[in-house]
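Since we're looking at a predicted model, the values are computed, not measured. Below, chains carry the letters A, B, ... as their sequence lines are ordered, and counting in each starts from 1.
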Amino acid sequence: MNRVYAKRRRRNFIAMSCATLATAMGLGWLMLILGALLWRGLAGLRPGVFTEMTPSPGSAGGLLNPIVGSLMLTAIAIAVGTPVGILAGTYMAEYGRGGRLTQAVRFINDILLSAPSIVIGLFVYEVMVRPLQHFSGWAGGLALALIVIPVVVRTTEDMLLLVPNQMREAAAAIGAPRATVIRFVTYRAARSGILTGLLLALARVSGETAPLLFTALNNQFWSLDLNAPIASLPVVIFQFAMSPYDDWQQLAWTGALLITFAVLATNILARLLSSRGSAKS
Amino acid sequence: MTDIATTKATAALSGDHAAAARHAMLNRLRIGDRLFGLLTRSAAIAVLAVLGAVIVSLASGASPALARYGFGFLTSLSWNPVTEEFGALPAIYGTLVTSAIAMLIAVPAGILIAIFLTEICPIPLRRPIGIAIELLAGVPSIIYGIWGLFVLAPFLQVTLQPLLIHSLGNIPGIGGMFAGPPYGIGVMTAGLILAIMVLPFVASISRDVFTAVPAVLKEAGYGVGCTTWEVFGKIVLPYARAGVVGGVMLSLGRALGETMAVTFVIGNARRISGSILAPGTTISAIIANEFTEADGELYTASLIELGLILFIISLIVLAVARYLLMRIEQKRG
């Protein structure tokens, strides 16, 4: 084998080794992060975490109020964001397919999908917290809803576009009006895909911290009042992790473990659902 | 037209009870159809309006600071709540430097991962490994923050940072970049965390655009005896270039706006330091740290103006990214 061949083969070998190494490194980060979470988080996991309130420094306590607060905020976000997102996605895939408005919305929506979430928090502060003069759970829910919408719009449009046109034509041919076709034919055909989008949106917002910092704020006590500041798991993790107290840091790790596994489980569920949906069609 | 049809139908069928019922039914459907169409259209317009509303409300919130400092805000170094002197330069600098470090690491690593996934990886493993990498993108940013603060920063403080200080720190010229004590937290740590966070974005978008390269082109390359690396460098990459650049810009947009992970490890020092080992701040970190404590109209307005600057920078970056990726899609579809 001459020298040129040897050199090319060597170069190829080096490049491919680097590629393999990079992948190993990427997977390694995931393992390291999950490992640290399990290691530090499990140490503080006990039933009290789910039944007790957040403690003051130096005493024992749990994460009940932030867990409930997070669930409520996420519920508002999904309840507000889903209808808007699905309807907008429906317009783009059904009524205005290929139109100017659709193209503009798709472009803007894709930008909103990656826009800095802290700016969304500032926006909600400006339009809701400042005029009403107080931080509130509703404001936090609204901020999260604004993050849900782009995710739902994107997946809804993609999934509706996958529905074969013959199905719409068949329904229209027996005299069904357009809204009926959409509601009873295309929505049903795209159901698992749209549900996947909702799950992805859920996974995305349940770990969001930045938009809640100055909308829902935080609350050390038990409160279900959405007109008042309300605790949420990510914000409590932030506050506790940055504190100098050992018990608070321990609770932060435990909270981080809970959030991560909830989010990853939702993500995996969404993927299973979408792969089953695509295998069927 | 509908009206004429309706009148005709009414005239022809008047008196016929069943026909009238059918007519009413059809009318109801028609109105429902109209309403539903209108509803979806307004939802689509609402999505557009959100973007405009964000810009307008941030600009109005920032107006006291805009009026007071004008363009000087962008170039001023001071950040003093007591004398109400505010400038954005340290935060903008920190944002750009941390993102630059992140991209310097994540782009080559992400592209290499994409090469592995499209060329080397055994086919049954491709999906699971791809999903594992994408899960890295699903981990909430606060988790990266807490991990960075308690695991990565102490580790860097005793390993990589002393090493950098003692080796590169002595070289004249670039030595200043690695000067000072190893704090653990700081600009470099924040950049590293960001790199880990955007790595999955670079990797999965690159993988998608590499997969879109027509197989015949690659086969032609292999047919004349190219190695995998040569096929990648001379065929795949030139074909997929716009898509890769789009993916990189998208990841840059993410890195610029990332808040929580950076806030934990940046150290919150509102000054510009030549050394990347020193603590610094970013736009998002300064907002996250100080907004709720900001008293006084000017303080709040300055923070909102920082948010506006961040939003505009990331808008431009993301718009370029989407434009490039859209072009790739049109080429493919």
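The list of side chain to side chain donor-acceptor pair (under 3.5 Å) pairs with a residue in residues 41-51 of chain B, not counting sequence neighbours, reads Tyr91(A)-Arg41(B). Evaluation of the salt bridge (charged side-chain N to carboxylate O under 4.0 Å, His left out) test over residues 204-216 of chain A, restricted to residues two or more places apart or in two chains, returns Arg204(A)-Glu208(A).
Remark: Phe261(A) CZ is packed, more than 12 non-hydrogen atoms of other residues, nucleotides or ligands lying under 6.0 Å away. Taking a 6.0 Å sphere around OH of Tyr323(B), one finds it holds 12 or fewer heavy atoms contributed by other residues, nucleotides or ligands. For Trp248(A), the CH2 atom is densely surrounded, since the number of other residues' heavy atoms within 6.0 Å is greater than 12.
Looking at Leu213(A) and Thr292(B), their side chains never come closer than 4.5 Å, going by heavy atoms from C-beta outward. Side-chain contact between Arg322(B) and Ser114(A) is present, with at least one heavy-atom pair separated by less than 4.5 Å. Residues Met260(B) and Ile118(A) are not in side-chain contact: their nearest non-hydrogen atoms beyond the backbone lie 4.5 Å or more apart. For the pair Leu112(B)/Leu21(A), no side-chain contact is recorded, criterion being any heavy-atom separation below 4.5 Å from C-beta on. Looking at Leu308(B) and Leu122(A), their side chains never come closer than 4.5 Å, going by heavy atoms from C-beta outward. Side-chain atoms of Leu112(A) and Val47(B), non-hydrogen and from C-beta on, do get closer than 4.5 Å to each other.
Using a 4.5 Å cut-off between heavy atoms, Thr259(B) touches chain A through its side chain atoms alone. For Leu257(A), no part lies under 4.5 angstrom from a heavy atom of chain B. Interface remark: Leu199(B) contributes side-chain atoms only to the contact with chain A (heavy atom separation under 4.5 Å). In this structure, chain A has a heavy atom under 4.5 Å from the side chain of Ser314(B), while its backbone stays farther away. Heavy atoms closer than 4.5 Å to chain A are found in both the backbone and the side chain of Leu136(B). Neither the backbone nor the side chain of Phe201(B) has a heavy atom closer than 4.5 Å to any heavy atom of chain A. At a 4.5 Å heavy-atom cutoff, the contact between Ile287(B) and chain A is made by backbone and side-chain atoms alike. Neither the backbone nor the side chain of Leu35(B) comes within less than 4.5 Å of any heavy atom in chain A. If you measure heavy-atom distances from Ala203(B) to chain A, you find no contacts under 4.5 Å at all.
Heavy-atom neighbours of chain A within the stretch residues 139-149 of chain B, taken at a separation under 4.5 angstrom, comprise Val139(B), Pro140(B), Ile142(B), Ile143(B), Tyr144(B), Ile146(B), Trp147(B), Leu149(B).
A salt bridge does not link Arg11(A) to Glu230(B): none of the charged side-chain nitrogens sits closer than 4.0 Å to a carboxylate oxygen.
Aromatic rings of Phe123(A) and Phe311(B) (six-membered ring for Trp) have centroids beyond the 6.0 Å cut-off, not under it.
The backbone N or O of Trp229(B) sits less than 3.5 Å from a side-chain atom of Asn12(A), completing a donor-acceptor pair.
Taking the six-membered ring for Trp and thresholds of 30 and 60 degrees, Tyr95(A) and Phe36(B) have ring planes inclined between 30 and 60 degrees apart.
Taking Ala319(B) as the reference, Phe107(A), Ile111(A) meet the side-chain contact (heavy atoms from CB on, under 4.5 Å) condition, with sequence neighbours excluded.
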